[in-house]
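Before any comments, here is the structure.
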Amino acid sequence: MKSGRWLLWGALLLLTAALLSVLVFLAAEYELSRDQAQLEEDVATVAGDIRSALLRNVQTLQSLHSVAPSPNAWNAPASELLQTHREMMRLEWRDAALQPLSVRVSPFTPGVFDFLGREQAQPEVVQACEAARRASGPAYSASYFWPMRDGKGLELIEMCLPVAFAGKPQGMLVVTYALSGILTELINRDLMRGRGLSFNEADGTRLAIFSAIPANRRNLRAQTVLDLPGHTLILQLESPRRARGLFPNVLTAVVGLLSLALLVVLFLLGRDIRRRQRAEQDLANALAFRKAMEDSLVTGLRARDMSGRITYVNPAFCQMVGRRADELIGSGPPAPWWPPELVDEYQHRQEVRLAGRYFPREGFESVFQRPDGTRFPVLIIEAPLIDAQGEQTGYMSAILDLTEQRRIEDLNRATFERLQATARLATVGEMASLISHELNQPLAAIASYASGMLNVLRDPGVGSLSPEDQRHAIERIAEQAERAGRVIKSVADFVRRRDTEREAVPPASLIDSIYPLVALQAKKQGVRLQIDIDPNCPPVLCDRTMIEQVLLNLTRNGIQAMPMGDPPAGSGLRVLGIRVARASPEPALSPGRAGPAWVSFAVTDHGQGLSPEVAQRLFTPYFTTKADGMGLGLSLCRTVVEQHGGALTHQPAEPRGTTFRFSLPVTPI
Ligand code: ADP
């Protein structure tokens with residue numbers, strides 16, 4: 001993936017570089033061909049200039065003859081002509097046999113024909129004049145080298161022109177041109193700046209040079225043929241190649257810059273695309289992560305738009321309500337999971353909730369129905385759905401199926417109740433021995449009265465029993481039986497009562513109902529009961545059976561904490577105190593609740609007290625120090641008291657022992 005991308009970038013760079021070099025090359029070639037074309041145009045211009053100048057010269061020479069028909073008269077204007085035409089070396093007027101009639105030499109180069117005699121050039125003169133005669137017009141000889149005295153030489157060319165006066169031939173006019181003179185005098189010199197102009201031979205040998213530039217293979221060269229009657233000369237114009245930098249011209253530079261800009265833009269684009277890809281990848285990852293999270297959630301998620309129509313559900317929600325996502329999405333109120341008879345109520349509830357825009361953090365409970373009709377409790381926690389622009393687009397809800405929680409709660413309740421029943425039975429079991437002891441007395445009394453009566457009835461002679469005595473005895477029996485019945489009834493009442501409703505109970509009545517049992521225990525242990533109930537105590541709101549159980553547990557523990565001999569019988573400490581009074585609420589428990597809206601129950605014993613280890617583990621279930629103890633009493637007591645909104649505390653009593661205290665809320669009026 002990555003190497004592929006670098007390969008692409010490499011290819012792009014290579015292509016751009018190739019494009020640039022082709023462009024540079026083409027631009028250079030274009031410039032070259034343009035320069036070459038310019039050079040060729042210029043050399044043609046130069047050739048044209050020379051040709052027309054030579055033609056003008058011919059006309060001037062002809063006019064010379066028309067004003068000066070005799071050799072003597074001719075001399076002066078001929079000399080004058082030579083002064084104005086430096087390209088001409090010599091002017092000769094020759095007769096028909098080509099013998100000189102008059103000769104004028106250029107004042108600028110007088111010694112040209114000093115070293116070699118003029119006759120040496122006779123063949124060229126003859127050649128030119130023959131041609132002129134044939135053409136009856138100007139004709140040129142071939143060019144030839146003319147050595148001079150100082151070792152130098154000149155390339156010369158003869159031009160022969162038949163002359164006539166008044167229609168009569170007057171011989172020939174021969175002009176000797178120096179090729180270098182032609183170049184110097186007859187051209188526009190401005191064109192030649194920085195260039196080399198020369199007459200060449202066909203093989204490239206230079207015959208005459210006007211200007212030269214350093215020889216270089218790369219110089220641009222243009223040649224043209226200077227066609228003269230009788231002879232042809234090759235004119236060559238040379239120009240050095242223009243120097244070039246890295247980008248030889250603006251076009252290349254601009255294209256280069258544009259390519260560079262293109263590359264930069266491509267690079268930026270590539271980076272942007274890569275960033276986008278990365279962002280997309282991240283987004284996809286985040287989405288996958290979110291999806292996995294939603295799929296793995298056991299909490300149902302549901303999103304609704306502002307009109308209450310469902311826009312999203314997660315698998316847990318679908319599973320919860322037993323419907324497919326595509327069935328649910330788009331469906332609006334009434335929702336398909338609302339129990340039919342509650343639709344109106346739910347609809348109303350939803351409207352109120354959405355209108356008030358109030359979404360309680362702790363959520364609210366509801367009941368949903370599956371397509372098969374089964375119902376289940378749910379907890380719904382709702383929150384507004386805010387989009388990226390901060391606008392609310394709907395509502396998001398998390399839905400918890402409470403079925404399991406309810407089941408566990410029920411189970412806990414059942415377990416607790418079972419435990420309570422067990423603890424109660426244990427208490428009752430414990431009581432049984434006390435009851436049997438208590439019943440012994442009335443039963444023994446009944447038995448003795450009954451047997452006394454039987455004896456009298458069986459054998460009237462044993463003793464005389466007045467009817468009054470008999471009635472008295474039977475009354476005693478009835479009395480004792482009633483007493484026994486009361487004992488049994490008090491126990492039966494206690495065991496049988498199973499109401500779990502909270503009710504307003506006067507504290508005194510609570511103490512009254514446990515009193516017989518506590519009194520039995522206390523009596524057995526030789527403990528005196530000291531009961532102190534504030535008569536102004538208002539009724540408390542409680543589950544009577546449970547609170548009686550708590551009081552029984554605490555009093556039993558208190559009595560058991562004072563075994564026979566500890567504290568000693570005469571110490572006055574064998575007392576179990578039960579105190580009921582109005583109390584301020586526990587500040588930590590009910591902050592803000594003012595006034596004596598509580599009633600506190602305190603059970604004080606004067607036993608050994610609690611050692612720190614025992615105190616620490618007091619409320620741990622199954623913790624006991626007694627051989628036959630179950631260790632459930634205090635933990636149950638605490639649970640019950642806390643269920644009533646109070647707290648069970650303990651503190652050392654004076655001068656010894658422990659006080660267990662709990663409070664119950666007063667019934668609101
Ligand atoms: P059990 O009475 O069956 O042992 P409890 O939960 O009622 O179970 O009591 C746990 C333990 O707490 C007792 O075994 C005892 O050691 C200690 N305890 C409870 N009440 C008192 C008390 N009034 N004085 C001293 N120790 C106490």
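Keep in mind it's a predicted model, so treat the numbers as computed, not measured. Both ligands and their constituent atoms are indexed starting at 1 by order of listing.
- With ring centers used as reference points, Trp598 lies 6.0 Å or more from Phe662.
- Looking at ligand 1, you won't find any N or O of Phe660 less than 3.5 Å from one of its N or O atoms.
- For the pair Ser635 and ligand 1, the shortest N or O to N or O distance does not fall below 3.5 Å.
- Atom numbering of ligand 1 starts at 1 in the shown order; those under 4.0 Å from a heavy atom of Arg556 are 2 (O), 7 (O).
- Of the protein's non-hydrogen atoms, the one nearest atom 2 (O) of ligand 1 is Lys626 NZ, 2.7 Å.
- Contact between Gly607 and ligand 1 is absent, with no heavy atom of the residue lying under 4.0 Å from the ligand.
- Every atom of ligand 1 is numbered from 1 in the order shown, and the set under 4.0 Å from a heavy atom of Leu618 is 12 (O), 17 (C).
- Every atom of ligand 1 is numbered from 1 in the order shown, and the set under 4.0 Å from a heavy atom of Thr624 is 1 (P), 4 (O), 14 (O).
- Between the side chains of Arg582 and Ser600, no donor N or O sits under 3.5 Å from an acceptor N or O.
- Looking at Thr649 and Arg661, their side chains never bring a donor and an acceptor atom within 3.5 Å of each other.
- Under a 4.0 Å N-O distance rule, the pair Arg290/Glu294 qualifies as a salt bridge.
- In terms of protein heavy-atom proximity, atom 24 (N) of ligand 1 is closest to Ala561 CB, 3.5 Å.
- A salt bridge links Asp532 with Arg579; the closest basic N to acidic carboxylate O contact falls under 4.0 Å.
- For the 3.5 Å distance criterion, the side chains of Ser513 and Glu548 qualify, holding a donor opposite an acceptor.
- Taking atom 10 (C) of ligand 1 as the reference point, the nearest protein heavy-atom neighbour is Phe623 O, 3.4 Å.
- Proximity of Asp605 to ligand 1, defined as any heavy-atom pair under 4.0 Å, is confined to the side chain (atoms from C-beta onward).
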>> Evaluate Arg274 against Glu280 for salt bridge (Lys or Arg N to Asp or Glu O under 4.0 Å), listing each step before the verdict.
In response: CA-CA 10 Å; Arg274 260 204 317 288; Glu280 269 171 27; over 6 Å; no

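- Protein heavy atom in closest approach to atom 6 (O) of ligand 1: Leu634 N, 2.8 Å.
- Ligand 1 has no N or O atom lying under 3.5 Å from any N or O atom of Gln560, backbone or side chain.
- Atom 16 (O) of ligand 1 has Thr625 OG1, 2.5 Å as its closest protein atom, hydrogens excluded (heavy atom only).
- Cation-pi check for Arg370 over Phe376 is met; the charged atom lies under 6.0 angstrom from the ring centroid and within 45 degrees of its normal.
- Distance from atom 19 (C) of ligand 1 to its nearest protein heavy atom, with residue and atom name: Asn557 ND2, 3.5 Å.
- For the pair Arg413 and Phe416, the cation does not sit on the ring face, since its NZ or CZ is not both under 6.0 Å from the ring centre and inside 45° of the axis.
- If you check each of Gly558, Ala615, Gly631, Ala627 against atom 3 (O) of ligand 1, the one with the closest non-hydrogen atom is Gly631.
- In this structure, Trp337 and Phe317 have perpendicular ring planes: the angle between them is above 60°, well past the 30° mark.
- The Leu610 neighbourhood of ligand 1 comprises atoms 25 (C), 26 (N), 27 (C), with distances under 4.0 Å to a heavy atom of that residue.
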